[in-house]
Chemist: 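Take this structure, written in structure tokens, and hold onto it; I'll ask about it next.
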Amino acid sequence: MCLAEALLRVPDNETADLLIRDKIAPGDWESHLGKSDSLFVNASTWGLMLTGRVVRMGLAPEWNLQGAIKKIISRSGEPVIRQAIGTAMRMMGGQFVLGRTMREAIRNAREWREKGYRYSFDMLGEAAYTQADAERHLKHYRDAIADIAENYKDDDAPIHGRPSISVKLSAVHPRYEWIKRARVFDELVPVLTDLAIRARRVNIGLTVDAEEADRHELMLDVFAALLENPELKGWNGLGLAVQAYQKRGLPTIHWLIEMARRHGVRIPVRLVKGAYWDTEIKRAQEAGLVDYPVFTRKAATDTSYIACTNAIFAAPDAIYGMFATHNAHTLAAVDVLGAGRDFEFQRLHGMGEALHEHYHAIKNPGVPTRIYAPVGSHEDLLAYLVRRLLENGANSSFVNRMADAEASLDTLVADPVAALAEMTPKRNPRIPLPRDMLGNRVNSQGLLWSDPPRAEPLLAEMKKSLERLPLAAPIIGGREKADLPAPVTDPSDRTRVIGQVALAGPAEAKEALDLAYKAQGDWDRLGGDGRAKILEHAADLFEQNRASLMALIVREGGKTLPTAISELREAVDFLRYYASEARKNFAPQAMPGPTGESNELTLHGKGVFACISPWNFPLAIFTGQVAGALAAGNAVLAKPAAPTPLIAAAAVRLLHQAGVPVDVLHLLPGSGSKIGAAIFPDPRLAGIVLTGSTEAATVINRALAARDGPIATVIAETGGQNAMIVDSTALPEQVARDAVTSAFDSAGQRCSALRVLFLQDDVADKMLDMVLGAADELRLGDPFDLATDVGPVINESARETLEQHAEKMTRQAKLLKKLPLRPEHKNGVFFPPHVFAIESISVLEREVFGPILHVVRYSAGHLDKVCEAINATGYGLTLGIHTRIESTAAFIRDRVKVGNVYVNRNQIGAVVGVQPFGGEGLSGTGPKAGGPHYLQRMALERTFTVNTTASGGNAALLSSS
Ligand code: NAD
């Protein structure tokens, strides 16, 4: 079993429940402790067992924990730290950074150093998005090591008493991500090893900082690689931060103990509670994870901290404990539990001063404290400062509660273990599981690629599913007509055949229309609830078959693995969302009116809809259109885009399997114009839903308008000329990340993709450097490779259009960036990301669908002109805004005519039911897909009025008295 698996074997339920119930008899766990080879296998059980022990310790009267805490935080019954908190708050901003340069920091550290405090220096700087930033941060670390060495020459303390540096790995590599594991090992591990060797030479510790839970596994792998390096062999200075709020916190400690013993070192472990709790909860919800990686109650985190503390103290040969806390209860608990042991406390520079000072005064001096001290210029301070402010502001935070004059001493020193023991449920009921967070419908299930026990089986299943060569043929009345099939090939490698397709012609289209027309009435009579049940069943089937569906999205649609899971989720969300909308809106609605009469309004399907979808979301948009039309009570002729019939056929089979009658839903793979010519003139076709180019929508609209008979409903979602406006207050790192994702994710083949980036003149150079630098970090390649960021474009004609546009732009504008193509791309239809500087958005005549970004500069004070220029394109699909000024965002919002506006994030990936999606003007007719008005547009309304007095009198009225 791999390490990852062992670590992830923490039970999915909120472990707090188990943490506090001492389920296992002491004899049991003691015998387990002896079996070191079963340690990984039993990591989770271990967690529980050891915590059981902690609980007993925590509650045992002889420890007199409460007394010890009260002694530490009170003087003559008056809490002194409360007063100090006010001061600490005032210090924020000005005093969170020890110095702007290392030299200044070392000078400022003198006072505390003389008092016996140790230091760990942290180089401020957010995650790097470009190689240049990563190198700049690395240089700061290297220089810092040299400066510290110089200034601590005379300090002859052993390594754990010497100063250290804390390294945030995301700051020293632009792609410190699980999906870039190979690169991280090739590039980050060597530079980090070099830093550690430098630190070792001058006897300075190096602690790796913990970041988001998504990076936990990767961090452990990197750490293990360093431990194994011969040049670091036997060195006790290499440390790691462990977050107690993570459910994997305690198993991580056990893993570290095992590693330390294997390598014969004593690992310094900084135990923290964790600073990204809110982010973790949000991310898990967005990603549709099975459960949260962190505890949902503060008391559970505090309990976990104590459990980890005990585990550390139980292995003094392997771990040197460094307990980072500003919480008096935690500090006291650690002090009591660690009596007689060799360890240290840590606090952040500018925080917890009074607490730690008071502790040393009482204990005279007690165990030493190390100050974690950020060093860096004020421009790098913001994100760090925000973290600290949030931490202090959170009402579950000890620091915050201390500042509350109303809080009694008893509440402040309450034992978290006891508090948790009393809580039912153990899980915070205000934070539902990601699956349940939407209330009336189940959220689609997602996945983290950094979760190998879940990701690896999925990948294996995907590969296996590709061994079969599927067939897409017209499916009419449930029968598949596989005449003269032709091969379907993979756009990332045209030599790879992935299936076969047989096309539908006019005869098949007419036959499908006949059957659909006859079957629609019964489908409509099934009612909203009846149809909803079938669509919900389909959603479940899609999830059960996600491996084969995702494999086709990747191989037939050329989409990367991360986009394939999002697409699968979007399809599932469409099914469940429209099901819930049908249930809600298609039940008969009683209308108010005079007594003696009943009035009812009902919605019904309009008839037969042709659902014509694009290839760029071959599952999600295909399914969304079909599910919407079906939910509203229509029969459907589904026409997938020519490049992606296999996915569509798989989706239709699952819909039939779920219970959609075979005469109600038909599949017509083939040429849009040929099929269109057969069905558009037929008055039995009630309407069309098209998602595709503005040009196709115009042609289809004309064809439908030309026919006699009932006027057809046309719902078109079309292209865009999407802009992002960046003002001078925007955060360059965020802009770089969001602009690059918006422009190049899915090889720019998203209708929402960013095409024109507007940069305010004053900051344009810096922003542009970051954007171009971040673009350099993208990798083109096989979309089935997790490390690939940009896959192929869909086909040769798409590439040709892109090449022509790029050639024209190279002549007329300035080429700023073009990523290289490599020999391994030769069999695929690849087109590399390009960036051009242009004078004005007006030089772009139409949407060019692919990875080409244009940049326009604008002067401060001309925002209104920018908005006008965007409106003048006639398109109105998506817009990104990056600003830290709310009124600027409001100013733009009031002026632009755009369907979906996103502030301070990327502008792609609208979520069904959360950001209903669709544009205006040349970008679409509305209603928005995944929004509350979609089904109504495909429905007609009927009323039913009954005179209930017709048979002689108003019985209801007469009996009412
Ligand atoms: P496309 O217009 O070439 O084709 C879309 C669909 O329409 C295909 O199924 C095609 O066969 C069919 N079609 C084209 N001409 C037809 C005709 N005369 N009669 C009947 N059917 C016809 O678009 P595409 O290349 O598949 O997709 C990319 C386009 O879709 C881009 O313009 C993109 O912006 C747009 N798009 C828009 C949205 C949105 O929600 N607004 C979403 C995705 C894609």
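Counting starts at 1 for both ligands and their atoms, in listed order. Reckoned from all heavy atoms, side chains included, excluding hydrogens, waters and symmetry mates.
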Chemist: Give me the ring orientation class for Y578 and Y934: parallel if the planes are under 30° apart, tilted from 30 to 60°, perpendicular past 60°.
Modeler: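 Ring orientation, 0 to 90° scale: parallel.
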Chemist: Contact between ligand 1 and S613 is defined here as a heavy atom of the residue under 4.0 Å from a ligand atom; is it met?
Modeler: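 Within the 4.0 Å threshold, so yes.
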Chemist: Could you tell me whether L690 approaches ligand 1 through its side chain, its backbone, both or neither, with non-hydrogen atoms closer than 4.0 Å?
Modeler: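 Looking at L690 and ligand 1, just side chain atoms fall under 4.0 Å.
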Chemist: Under a heavy-atom criterion of less than 4.0 Å, does A929 contact ligand 1?
Modeler: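 Outside the 4.0 Å threshold, so no.
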Chemist: Look at the rings of W615 and F849 and say which category their plane angle falls in: under 30° parallel, 30 to 60° tilted, over 60° perpendicular.
Modeler: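 Correct class here is perpendicular.
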Chemist: For ligand 1, which atoms, with element, lie under 4.0 Å from some heavy atom of A696?
Modeler: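 Answer for ligand 1: 2 (O), 14 (C), 15 (N).
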Chemist: What part of I621, side chain, backbone, both or neither, has a heavy atom within less than 4.0 angstrom of ligand 1?
Modeler: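 Under 4.0 Å from ligand 1, I621 contributes side-chain atoms alone.
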Chemist: At under 4.0 Å between heavy atoms, which part of F617 makes contact with ligand 1: side chain, backbone, both or neither?
Modeler: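 Neither; no heavy atom under 4.0 Å.
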Chemist: Side chains of K818 and T810: closer than 4.5 Å at any heavy-atom pair?
Modeler: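 No, too far: nothing below the 4.5 Å cut-off.
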Chemist: Between A703 and ligand 1, which part of the residue brings a heavy atom under 4.0 Å of the ligand: side chain, backbone, both or neither?
Modeler: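 None of A703 does.
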Chemist: Pull out every atom of ligand 1 sitting under 4.0 Å from any heavy atom of V699, numbered as shown with elements.
Modeler: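 Counting atoms of ligand 1 from 1, those under 4.0 Å from V699 are 18 (N).
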Chemist: Does the side chain of T691 come under 3.5 Å of the side chain of Q625 through a donor N or O and an acceptor N or O?
Modeler: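 There is such a pair between these side chains.
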Chemist: For atom 35 (C) of ligand 1, which candidate among A697, G692, P614 holds the nearest heavy atom?
Modeler: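 Residue with the shortest heavy-atom distance to the ligand atom: G692.
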Chemist: Is the backbone N or O of G558 less than 3.5 Å from a side-chain atom of D490, with the two atoms forming a donor-acceptor pair by type?
Modeler: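 Absent.
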